[in-house]
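First up is the structure itself, then whatever we jot down about it.
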Amino acid sequence: MSKILIRGAKVLGGEAQDVLIDGETIAATARQGEIDLSGLNLSAEDVTVIEAEGQVLLPGLVDLHTHLREPGREDSETVLTGTRAAASGGYTAVFAMANTFPVADTAGVVEQVWRLGKESGYCDVQPIGAVTVGLEGKKLSELGAMHESAARVTVFSDDGKCVDDAVIMRRALEYVKAFGGVVAQHAQEPRLTEGAQMNEGVVSAELGLGGWPAVAEESIIARDVLLAEHVGSRVHICHLSTAGSVEIVRWAKSRGIDVTAEVTPHHLLLTDELVRSYDPVYKVNPPLRTERDVMALREALADGTIDIVATDHAPHPHEDKDCEWAAAAMGMVGLETALSVVQQTMVETGLLDWAGVAERMSHAPARIGSLAGHGRPVSAGEPANLTLVETSYRGVVDPAHFASRSRNTPYEGRELPGRVTHTFLRGRATVVDGKLA
Amino acid sequence: MKRHLISAADLTRDDAVLILDTAEEMARVADRPIKKLPTLRGLTICNLFFEDSTRTRISFEAAEKRLSADVINFAAKGSSVSKGESLKDTAQTLEAMGVDAVVIRHHASGAPYRLATSGWIDAPVINAGDGTHEHPTQALLDAFTMRRRLVGRDAGLGKDLNGRRITLVGDVLHSRVARSNVQLLHTLGAEVTLVAPPTLVPVGVENWPCEISYGLDEVLPKSDAVMMLRVQRERMNAAFFPTEREYSRRYGLDAARMAKMPEHAIVMHPGPMVRGMEITAEVADSDRCTVVEQVANGVSIRMAVLYLLLGGSEPAVTTPAAARTEENK
Ligand SMILES: [Zn+2]
């Protein structure tokens, strides 16, 4: 097995260190210049050296919320193209959402996705199982069978749709306790969002687009944390988008309820003012909210009320966005820009250091998803899942260079900081000098 | 003026007054034995209607024909919103045919804006009503009607609606007419009050340049014009208000209410009217009600808009009509 020496990287943004990878694991870490190759019986030829002075070394990122679209919408993305995009963005593991065609609501489909992930080689793919059959919200899927399958599913979600029936949600929360699972809720009260096109507020009033009230998200979160408390289970809330949602999660945590929450990079940066362009690239679910919401989400991510950043990477082919707003598909790609957006909104604003980013984009998502081997400390004996970031880089986003099959990014032409130069999946480089290996 | 007319907010006070003044000149054409100007001869205008609206389409068509334009009517009825390719495809077809202007009506808010800014087509775009967003030519014809009645036909030339108090009543939430009127009337100096049940007032309305009232009776005595908005039947099943009868009792305009208005005040309605519920027959048929004038004024306004977007920026009738310049291109 090959050996790789990463020289002089700031581990978690801290001190410059040397990190030696041997095969699939981290063999040693030491202060810069203190790894003695000869002491390890290594000659210079045996070791690939990566000069990483000034760069930040993070544990490989883990995305708890990715839409890979395969099976069924391979024109948008496949497991292979999606994992290539993930590797480009510094990820070593992604959780694949269940809203595929067919829906990932059986052991057969989750195993198929899991196997495709194994074959792709660019990052680990952990399937998420649908909570209800066909995402219809009526009947529980065979959650146990999915957990017992080769895919070992532990996260269940009807994402794209809300499990709005309180009884079904209660049963799902109770049922997954048997094997330590978690239900990830897409909080969207369906009746309050009928015909909704964007955040309900000043801008929707002006544009005449159907309003998507914050309370449609908040009321479901409030209900679900109370259900989780009542049945003594664990609930995860997808993509928080409002200041009110933050308040409810904060209250629930203070009460000891076992709830975790995520925020997307775009909800940390973009506001509904952008919808004035009627450009469907900004059409997303949940919708972009106001400046006040954005600031509340940033603060909540900083203080730990929101546990993780998840991309909600939602690829769509060009023709599904190149149309009028009402007809356009909802969603944006995010894997390849997530870290840059987090750097801009959280690190460069002083809200979070790089150790904090590692916690929210690697350690915590792996923990919530019970994913062994990822989100581990950067230390000897751990699996060599690593990401090297050139944080001083400044560049304009050009989707033509994306590895994702789809290009529906809101950041085209925008300058974002930071660039992933290397990604290692169990010691194998998937990205080298910013290019897919 | 801008190249397109998408929103009433696109118009400055001077733009709007110019359109109203030009419409007065256009109105004189209607009094002539031959109701036609050669202004837009040789130009092709497409009326692109993704949503039924016979009234608006005919009004635009009449305006285009009086200006001697060639007219293509394209009705894309029932075209799916599930995949929006129809708008883009149609736009590119029209572009290939060398259409000089597109008048678009669409069920989706923002579709005309998208058409004008997406690069699918190069021709000027006129919004003939989009979703629940705007209907700027309707607002212009309403303002024209108000100026004629409240200021005077000739006395109004060059003037705006400064200080006039205008009340809009009904389904503001779903009304593109309300959105455009609030913008335009504010630009023209009027004081606008919206009256509706709270369920039919959009969240976020606080940023609009107008007052909001939930009660009609207290507003009527200080209104120079009361514009009734159309209430669509399907709203009644969506819990926006309890019953038709209750709506009518609280927000309908009958003779007793009309009597509370100042003597000079007018009653307006964009049509078609739901008689009995929004407005009683007595009010609708009174000479204070301007519904029929609004229809006639619609043609003059649309002539003015087309002329100014396509023909030039000088007053219309006094200019040699053939003097279309390179500005068209
Ligand atoms: Zn979702």
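Quick note on labels: first sequence line is chain A, next is B, and so on, each numbered from 1. Computed over heavy atoms, backbone and side chain alike; hydrogens, waters and symmetry mates excluded.
- Between A/His239 and A/His186, the two ring planes are perpendicular [angle over 60°; tilted spans 30° to 60°].
- Ranked by non-hydrogen atom pairs under 4.5 Å with chain A, the options B/Arg179, B/Glu206, B/Gln183 are led by B/Arg179.
- Both the sub-6.0 Å distance and the 45° axial angle are not jointly satisfied by B/Arg114 relative to the ring of A/Tyr278.
- At a 4.5 Å heavy-atom cutoff, the contact between A/Arg276 and chain B is made by backbone atoms alone.
- For B/Glu134, no part sits under 4.5 Å from any heavy atom of chain A, backbone or side chain.
- Your options are A/Gly210, A/Pro280, A/Ala329, A/Ser204, and the one with the most heavy-atom pairs under 4.5 Å with chain B is A/Pro280.
- Judged by distance alone, the side chains of A/Thr271 and A/Glu291 never bring a donor and an acceptor atom under 3.5 Å apart.
- For the pair B/Asp130 (side chain) and B/Gly110 (backbone), a donor-acceptor distance under 3.5 Å is present.
- With B/Ser223 contributing its side chain and B/Ala225 its backbone, the two residues share no donor-acceptor pair below 3.5 Å.
- For B/Val205, the part lying near chain A is the backbone, with the side chain staying farther off; criterion is any non-hydrogen pair under 4.5 Å.
- Ranked by heavy-atom pairs under 4.5 Å with chain B, the first of A/Ser277, A/Gly211, A/Pro213 is A/Ser277.
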